[in-house]
A.B. asks: 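Pasting a structure below so you can have a look.
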Amino acid sequence: MGLLYLGTPLAWDDAKKYADHVRNHGITQFLHIWDRLKDRHGDELLWGDELEYMVISFDDQQKNAKLSLRQTEILEKLNAIVDDICADCPENVSVPKFHPEYGRYMLESTPGSPYTGSIPDLLSVESNMRYRRTLARKHLKPNEVPLTFTSFPRLGVPGQFTEPGYDPMNAVSSHSLFLPEQITNPHARFPTLTANIRTRRGSKVAINLPVFFDEKTPKPFIDPTIPWDRNIYPEDPEAKNGAALPDHVYLDAMGFGMGCCCLQLTFQACNVADARRLYDGLIPIGPILLALTAASPAWRGYLTDVDCRWNVIAGSVDDRTDEERGLKELKNNRFRIPKSRYDSVDLYLSPEWMNRPEYNDTEVPFDTEIYDRLRKHGLDELLSKHIAHLFIRDPLVVFSETIDQDDASSSDHFENIQSTNWQTLRFKPPPPNSSIGWRVEFRSMEVQLTDFENAAFSIFVVLLSRAILYFNLNFYVPISKVDENMQRAQKRDAARSGKFYFRKDVYPSDRSATNSVASFYSGRSSPLDGSIPKQKKLLNCFTPPGPPVNGELKVPIKDEYEEMTMDEIINGKGENFPGLLRLVSAYLDTLEIEPEALAKIEQYLDLVRRRANGSLETTATWIRNFVRSHPRYEFDSVISQEINYDLLAAVDEIERGARREPTFLPEDYTGGSKDQGSIGL
Ligand code: ADP
Ligand code: MG
Ligand code: MG
Ligand code: MG
Ligand code: MG
Ligand code: MG
């Protein structure tokens, strides 16, 4: 989440008066950054992950695994420890950082300083993650464990699912039927966000996930755990008046989505044009990696027919009014808005020739005044439209103390809108007064149970990002197809049985496709043909060649892509489509890497290969199968307290290497935080 200001947040009726003020000054702040840094060039690769944990409190007597609401205490302790470690740590050692998150049971950790492009840094990712986990684990109570688990299966069930327990009747911010106020981080920003989304929208958020119909699930399924007739808050009747659909699991609060954990990666680019090229290259990858990292089949005590969190978070912060959602005629609002402010990317952004205008094929409302202002300032059409689109949203949290800012030195108003547009990719301008360059954040992945897996996906994506830039790969398919893929990615078992639109020819020119790796490189000097030496680290600055000399071969857009399975996309299809892993391998061929280092990298890539070809299960499939084969499961879709307890205990054992699950992790996975890992501290 964004910065945490200290101050007094305004309730929606007051905050909305400042919406234009925040937008105007936000754009001024962006333009200051733009003027100073648009020509910044030559930044090295720096990159980093964000890992989110939920702290689970195990009650072995009651066989209950609950969410521990001790975030504030835990963070105080961890940050004090971290300061201690720092007091006597060598100069080049950076200690991890721990951050608060929306859920009062959540922690986020990042490496103390970003990784560079060096091979040792690449190989340190897993031990860095493990060290962070070990540090957190050490400073919890003996019965508490930090799990990298995407959605808590019993969040919002009747009975006690937090430690300590609270009643949802006190949910003054969300008015939820299921989640108590105390689920939310107490910092004023979070309850205010929650309340202002509800007030702006004019109703509670409403998410309906299709239930997973098992052998004995009643049909139709009318959820007996919804307090249909509660009468505390004005929104209470929404459930029975149509917000809660039959045959679905109904969720009614921000906490259900923002209370999920994920894995995000941020990459610094050489310059702004490369950041835009990388952003575009990763857009079609977003849904693919969402499906491959799927880890959340269970919601509010039930198995559902989805495997991923995405639509839940999108729905959980959907602040659009009825008018904006197209349910009523536009009167008080300015735009029809097709998507929530949390959703997949709406516009490709690269100024390069490969980005044909036809790929931006969906309806994207934008603020024409802001657009004109940016164009007059000299920004190109695409970037102006991108910003003017983000800026159709209102600021949700305005602090009375920080309404007036120095626009030359602050980016708070800009970030207020920017960082509450939660899309699959985020194009991040440099913060003012820092040495940080233009960055791209990859945000779709679900967090995996072990640091081995989280490292594997992180390493796969950073290598793929290099392949995209180095070979100037062309992954473009129309945005409408990426959107369709996002929906397909979330369906049960999508990684094994789904199909996704993907580009058939990913080479950047009109040469007839070939599997020869040298041909990836469109005729420039290359370490692949020995004309320049192999590189010792992951580089960042590769000037892309212009359009092919013979002219670009323009085929109709609809012939550029086809439906492929996950196995085909990752591992290749036939003679012509190499598969993402082969592109990564071709990139690795351009590097000088010691055999042991390469073998280690291959282990990570092998996990990706096997999750994609189905020889290993996704996390979601493993969780679903665990529940369905539990001796107390009654084949009615219900995840009881005891099943949940056993599931989370098993997850902890897997992470520590105390339990083998060869259907889902490689045979030789030896686990996790039982040992310290070594990162040279
Ligand atoms: P967010 O705003 O998305 O919550 P965080 O600050 O939590 O961002 O995490 C950002 C990630 O970016 C961290 O992993 C951090 O190590 C990494 N990072 C920090 N500086 C840079 C940089 N200059 N370039 C790329 N990544 C960076
Ligand atoms: Mg986070
Ligand atoms: Mg973060
Ligand atoms: Mg943050
Ligand atoms: Mg982030
Ligand atoms: Mg081509």
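Atoms considered below: every heavy atom in the structure, side chains included; atoms not considered: hydrogens, waters and symmetry mates. In listed order, ligands and their atoms are each counted from 1.
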A.B. asks: Mind checking whether the Mg ion (ligand 5) has an N, O or S of T266 under 2.8 Å?
C.D. replies: no
A.B. asks: Do D49 and R132 meet the salt-bridge criterion of a basic N to acidic O distance under 4.0 Å?
C.D. replies: yes
A.B. asks: Could you pull out the closest heavy-atom pair between A206 and R201, with the gap in Å?
C.D. replies: N-NH2, 3.9 Å
A.B. asks: Is R276 salt-bridged to D280, going by a charged N under 4.0 Å from an acidic O?
C.D. replies: no
A.B. asks: How is the N/O/S atom of E52 that comes nearest to the Mg ion (ligand 2) named?
C.D. replies: OE2
A.B. asks: Any luck finding a side-chain donor-acceptor pair between S68 and E144 under 3.5 Å?
C.D. replies: yes
A.B. asks: Have a look at E108 and say which of its N, O or S atoms is nearest the Mg ion (ligand 3).
C.D. replies: OE2
A.B. asks: What is the name of the N/O/S atom of E441 that is nearest to the Mg ion (ligand 5)?
C.D. replies: OE2
A.B. asks: Write the atom name of the N, O or S atom in E101 that is nearest the Mg ion (ligand 2).
C.D. replies: OE2
A.B. asks: With the Mg ion (ligand 3) as the reference point, give the N/O/S atom of E50 that is nearest.
C.D. replies: OE1
A.B. asks: Give a yes or no on whether the ring-centroid distance for Y348 and Y476 is below 6.0 angstrom.
C.D. replies: yes
